[in-house]
Amino acid sequence: MGANSSSISELPENEYLQKLSGSEPISENDPFWNQLLSFSFTTPTNSADLKLLEEATISVCKSLVEKNPRTGNLGSLIKVFLSRTKELKISAECQNHLFIWQAHNALFIICCLLKVFISRMSEEELQLHFTYEEKAGPSSYGTECEDLIEELLCCLIQLIVEIPLLDITYSISLEAVTTLIVFLSCQLFHKEILRESIIHRYLMHGRCLPYTSRLVKTLLYNFIRQERSPPPGTHVFQQQTDGGGLLYGIASGVATGLWTVFTLGGVGSKASAQLEQCSPLASQSLLLLLVLANLTDTPDTPNPYRQAIMSFKNTQDNTAFSSSNPHAFQINFNSLYTALCDQQKSDQATLLLYMLLHQNSNVRTYVLARTDIENLVLPILEILYHVEERNSHHVYMALIILLILTEDDGFNRSIHEVILKNITWYAERVLTEISLGSLLILVVIRTIQYNMTRTRDKYLHTNCLAALANMSAQFRSLHQYAAQRIISLFSLLSKKHNKVLEQATQSLRGSLGSNDSPLPDYAQDVNVIEEVIRMMLEIINSCLTNSLHHNPNLVYALLYKRDLFEQFRTHPSFQDIMQNIDLVISFFSSRLEQAGAELSVERVLEIIKQGAVALPKDRLRKFPELKFKYVEEEQPEEFFIPYVWSLVYNSAVALYWNPRDIQLFTMDSG
């Protein structure tokens with residue numbers, strides 16, 4: 001099985017495709033459709049095969065673009081597909097392979113054609129191809145055209161939500177999801193965010209609207225179930241003893257051109273081997289869900305798909321739904337949580353987790369109440385730990401998820417009670433036993449240090465420090481290495497501060513008498529670094545004032561590096577916050593001096609633990625509680641829509657777009 005490029009190159013000469021794209025109108029009742037649709041293939045999945053398929057069919061598509069307004073053959077093909085889908089549910093129940101197989105093939109051809117059409121014309125031009133002008137007047141022509149698009153979109157949604165997922169229906173379900181993505185792909189060919197789109201309008205109003213919740217629910221369940229694709233050939237019609245009925249002799253070679261071509265990535269190929277390891281339907285469903293959730297609101301209607309994502313509840317939740325919310329539904333949160341924990345290696349799953357935590361308070365409450373929160377947090381920490389291997393958007397999403405979780409005091413307490421053993425992916429040091437809280441601190445600090453030396457992204461710094469600040473009052477039993485890293489980060493910031501000040505001084509000396517002074521740049525650098533230093537001092541202070549007696553290792557690290565803090569005692573930007581830190585250092589230093597020289601680490605920690613009880617807490621100055629809340633930027637779609645479509649471009653199963661055609665994002669940002 002399989003096909004090389006020479007057989008693919010024969011596609012433009014294939015008699016059936018030539019007839020479809022030719023000058024003669026084909027009635028939807030013509031036997032031609034049975035012949036065209038009776039081919040067997042495993043959908044190509046790797047980009048090389050997809051690129052070859054795209055290039056080979058371009059001439060067919062161009063011919064159809066030119067002749068379809070007169071022949072209406074695209075409309076006829078769509079009507080053939082629509083008529084066959086009416087029997088799909090019964091066909092699935094009766095295991096009618098042939099019927100499902102031909103309906104799938106019709107949809108595959110529609111999807112291939114649509115993809116090329118959409119990349120080459122405006123939505124208004126696309127509308128004109130959904131019917132043809134015979135003798136009908138202009139108004140009926142427009143109405144029929146619009147109805148056919150809406151009918152196809154509605155049919156695809158019904159197919160996804162109503163057809164049971166079986167081995168024989170897996171491919172057509174996947175193709176329906178893929179075709180909806182293709183319908184929405186017009187966004188790829190516009191630099192600006194599409195706020196007025198014909199396809200969006202159909203999906204958010206009219207006949208598609210009642211299916212909103214069911215579609216979101218089905219796509220979520222596809223993601224949860226992670227159903228693997230059936231072995232190649234499962235969905236293909238097996239030849240009957242009577243010669244195959246509607247096959248019109250295909251088994252004996254009448255359409256061997258198409259038969260051969262569409263076995264790209266067949267049995268034993270790399271593509272199918274890769275697909276055995278994953279679920280193409282789950283992956284594609286998640287991408288469609290993300291695209292739908294990020295459609296922009298219309299002036300009169302908020303995005304109903306986002307509304308559905310914001311409001312669904314747990315199947316265990318017996319409270320009544322608000323009658324004012326038509327988008328409400330229930331889903332099994334335990335299954336959803338398990339899938340989210342298992343799938344965080346992908347950008348898409350991390351983005352879904354972010355959306356659910358940020359937008360759906362039911363999901364957020366459920367997640368925060370889990371007693372196995374480490375199953376979710378550890379994969380997020382692993383993303384941050386491997387920051388240099390991830391794209392910046394994936395890192396942002398992981399960080400923001402941590403920030404949202406740390407807004408909850410219960411989370412900040414519980415993570416210090418979860419003890420982990422042998423974190424194999426943490427390479428800097430062997431961690432045989434550490435709390436989840438201490439590990440979180442280590443990974444966030446490592447991210448800050450990486451950012452300081454590489455990307456220098458202020459947004460990244462801000463979110464990392466905000467998460468640490470949210471946790472700081474609840475720090476408990478910090479691992480000695482985590483305590484050291486907090487002080488080491490402060491040391492790094494201190495050195496950087498001194499270096500910037502030195503550069504500013506030299507610059508000032510060099511620019512005396514010169515009109516061209518670069519001093520403002522250094523002033524800004526000093527400002528930024530001092531903001532970060534201030535934040536670190538507030539984090540240390542918050543821990544000392546709220547939970548000093550729980551953190552002897554932090555006091556130990558503070559005393560060990562006490563000289564670091566000397567220069568900040570009288571600095572006007574830090575004087576107030578330094579009072580408490582200075583008091584703690586002086587108090588414990590004095591007790592250590594009384595205990596004598598040459599003390600062991602164990603003895604020092606013992607003195608710290610005893611001193612923590614004796615320290616007069618009323619001498620510590622109270623500061624407002626450190627609390628940071630994540631708030632989405634204004635016009636978040638400017639970030640999320642290009643991000644989602646870059647994921648579709650890079651990750652969609654069996655979809656290839658020519659990179660030269662993409663306008664929405666630069667190709668290196670995907």
Side-chain angles (χ1 to χ4, degrees), residues 177 180-181 184 187 193 200 203-204 212-213 215-224 282-297 302-314 325 327-333 335-368 370 376-377 379-380 383 390-408 463 629-648 651-652:
V177 172
L180 279 177
I181 291 174
L184 289 156
Q187 177 63 80
I193 302 302
H200 295 185
L203 286 170
M204 296 188 356
T212 300
S213 295
L215 179 57
V216 169
K217 184 176 183 176
T218 305
L219 295 174
L220 273 172
Y221 267 126
N222 287 348
F223 166 70
I224 288 167
S283 171
Q284 209 86 323
S285 294
L286 178 51
L287 289 170
L288 176 58
L289 183 64
L290 294 174
V291 169
L292 291 170
N294 285 284
L295 297 179
T296 54
D297 298 337
N303 176 346
Y305 300 96
R306 191 181 306 124
Q307 298 289 308
I309 284 169
M310 288 168 69
S311 56
F312 70 83
K313 293 183 176 182
N314 194 353
N325 187 354
H327 308 298
F329 64 91
Q330 289 180 299
I331 207 162
N332 185 314
F333 277 17
S335 305
L336 177 61
Y337 181 79
T338 303
L340 287 167
C341 293
D342 291 345
Q343 300 299 320
Q344 286 306 307
K345 282 188 173 63
S346 82
D347 283 62
Q348 297 93 283
T350 306
L351 182 52
L352 176 65
L353 175 58
Y354 157 76
M355 275 170 37
L356 294 177
L357 288 174
H358 177 53
Q359 297 177 5
N360 188 315
S361 58
N362 304 318
V363 173
R364 186 167 61 251
T365 302
Y366 176 86
V367 167
L368 289 166
R370 290 289 298 209
L376 189 70
V377 176
I380 297 297
I383 294 165
R390 303 286 179 186
N391 73 65
S392 60
H393 289 9
H394 198 184
V395 172
Y396 281 152
M397 290 299 107
L399 254 183
I400 292 166
I401 287 165
L402 286 186
L403 180 54
I404 292 169
L405 293 173
T406 61
E407 288 170 18
D408 182 76
N463 283 308
K629 192 171 172 60
Y630 170 70
V631 179
E632 254 183 11
E633 304 260 328
E634 276 186 47
Q635 295 191 303
E637 65 276 8
E638 299 287 344
F639 170 86
F640 285 105
I641 290 176
Y643 179 32
V644 167
W645 278 106
S646 74
L647 296 179
V648 174
S651 313

Checking side-chain contact (heavy atoms from CB on, under 4.5 Å) for the pair His200/Asn303: CA distance, chi angles, key distance, verdict? CA-CA 9 Å; His200 295 185; Asn303 176 346; over 6 Å; no
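- When all heavy atoms are compared, the tightest approach of Arg390 to Lys345 is NH1-O, 3.3 Å.
- The two atoms that bring Asn362 and Ser311 nearest to each other are ND2-O, 3.6 Å, heavy atoms only.
- Trp645 has its side chain within reach of Ile181: a pair of non-hydrogen atoms, C-beta onward, lies under 4.5 Å apart.
- At least one side-chain heavy atom of Leu292 sits less than 4.5 Å from a side-chain heavy atom of Leu184.
- When side chains are defined from C-beta on, Ile309 counts as touching Leu289, because their heavy atoms get closer than 4.5 Å.
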Stepwise side-chain contact (heavy atoms from CB on, under 4.5 Å) test for Leu352 and Gln343: CA-CA 10 Å; Leu352 176 65; Gln343 300 299 320; over 6 Å; no
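- Minimum heavy-atom separation, Ile224 to Ser335: CG2-CB, 3.6 Å.
- The structure places CD1 of Ile404 at 10.5 Å from CG of Leu356, a figure rounded to the nearest 0.5 Å.
- Residue Tyr396 holds its OH atom at 15.5 Å from OG1 of Thr350, rounded to the nearest 0.5 Å.
- The CD1 atom of Ile401 lies 12.0 Å from the NE2 atom of His358; values are rounded to the nearest 0.5 Å.
- Looking at Asp347 and Tyr643, their side chains do bring a donor and an acceptor atom within 3.5 Å of each other.
- Contact of the Ile193 side chain with the Gln187 side chain is registered, since non-hydrogen atoms from C-beta on lie closer than 4.5 Å.
- Between Arg364 and Asp408 no salt bridge is recorded (no basic side-chain N to carboxylate O distance below 4.0 Å).
- Glu637 and Thr296 share no side-chain donor-acceptor pair at under 3.5 Å.
- Interatomic distance, Met397 CE to Leu402 CG, rounded to the nearest 0.5 Å: 12.0 Å.
- Separation of atoms CD (Glu632) and CD (Gln359) is listed at 6.5 Å; rounding is to 0.5 Å.
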Leu357/Val367 under side-chain contact (heavy atoms from CB on, under 4.5 Å): CA gap, chis, key distance, verdict: CA-CA 8 Å; Leu357 288 174; Val367 167; 4.1 Å; yes
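- Closest approach of Ser213 and Ala328 over heavy atoms only: OG-N, 4.0 Å.
- Between Ala349 and Leu340, the closest heavy-atom pair is O-CD2, 4.1 Å.
- Two residues are said to be in side-chain contact when any heavy atoms from C-beta on lie closer than 4.5 Å; Leu403 and Leu399 fail this criterion.
- Side-chain atoms of Tyr630 do not come within 3.5 Å of backbone N or O of Glu407 as any donor-acceptor pair.
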Begin from the C-alpha positions of Gln348 and Phe223 and carry the test side-chain contact (heavy atoms from CB on, under 4.5 Å) through to its verdict.
CA-CA 11 Å; Gln348 297 93 283; Phe223 166 70; over 6 Å; no
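- For the atom pair Leu215 CG and Ser285 OG, the distance stands at 9.0 Å (nearest 0.5 Å).
- In this structure the side chain of Asn314 never reaches within 4.5 angstrom of the side chain of Gln330, judged on heavy atoms.
- With contacts defined as side-chain heavy-atom distances shorter than 4.5 Å, the pair Leu287/Leu647 qualifies.
- Listed by chain and residue number, nothing satisfies the side-chain contact (heavy atoms from CB on, under 4.5 Å) test with Ser392 (two or more places apart in sequence, or in another chain).
- Between Phe640 and Tyr354, the distance separating the two ring centers is shorter than 6.0 angstrom.
- Looking at Phe312 and Val363, their side chains come closer than 4.5 Å, going by heavy atoms from C-beta outward.
- Contact between Leu220 and Ile331 at its shortest, heavy atoms only, is CB-CD1, 3.6 Å.
- Remark: the backbone N or O of Leu290 is not paired with any side-chain donor or acceptor of Tyr305 at under 3.5 angstrom.
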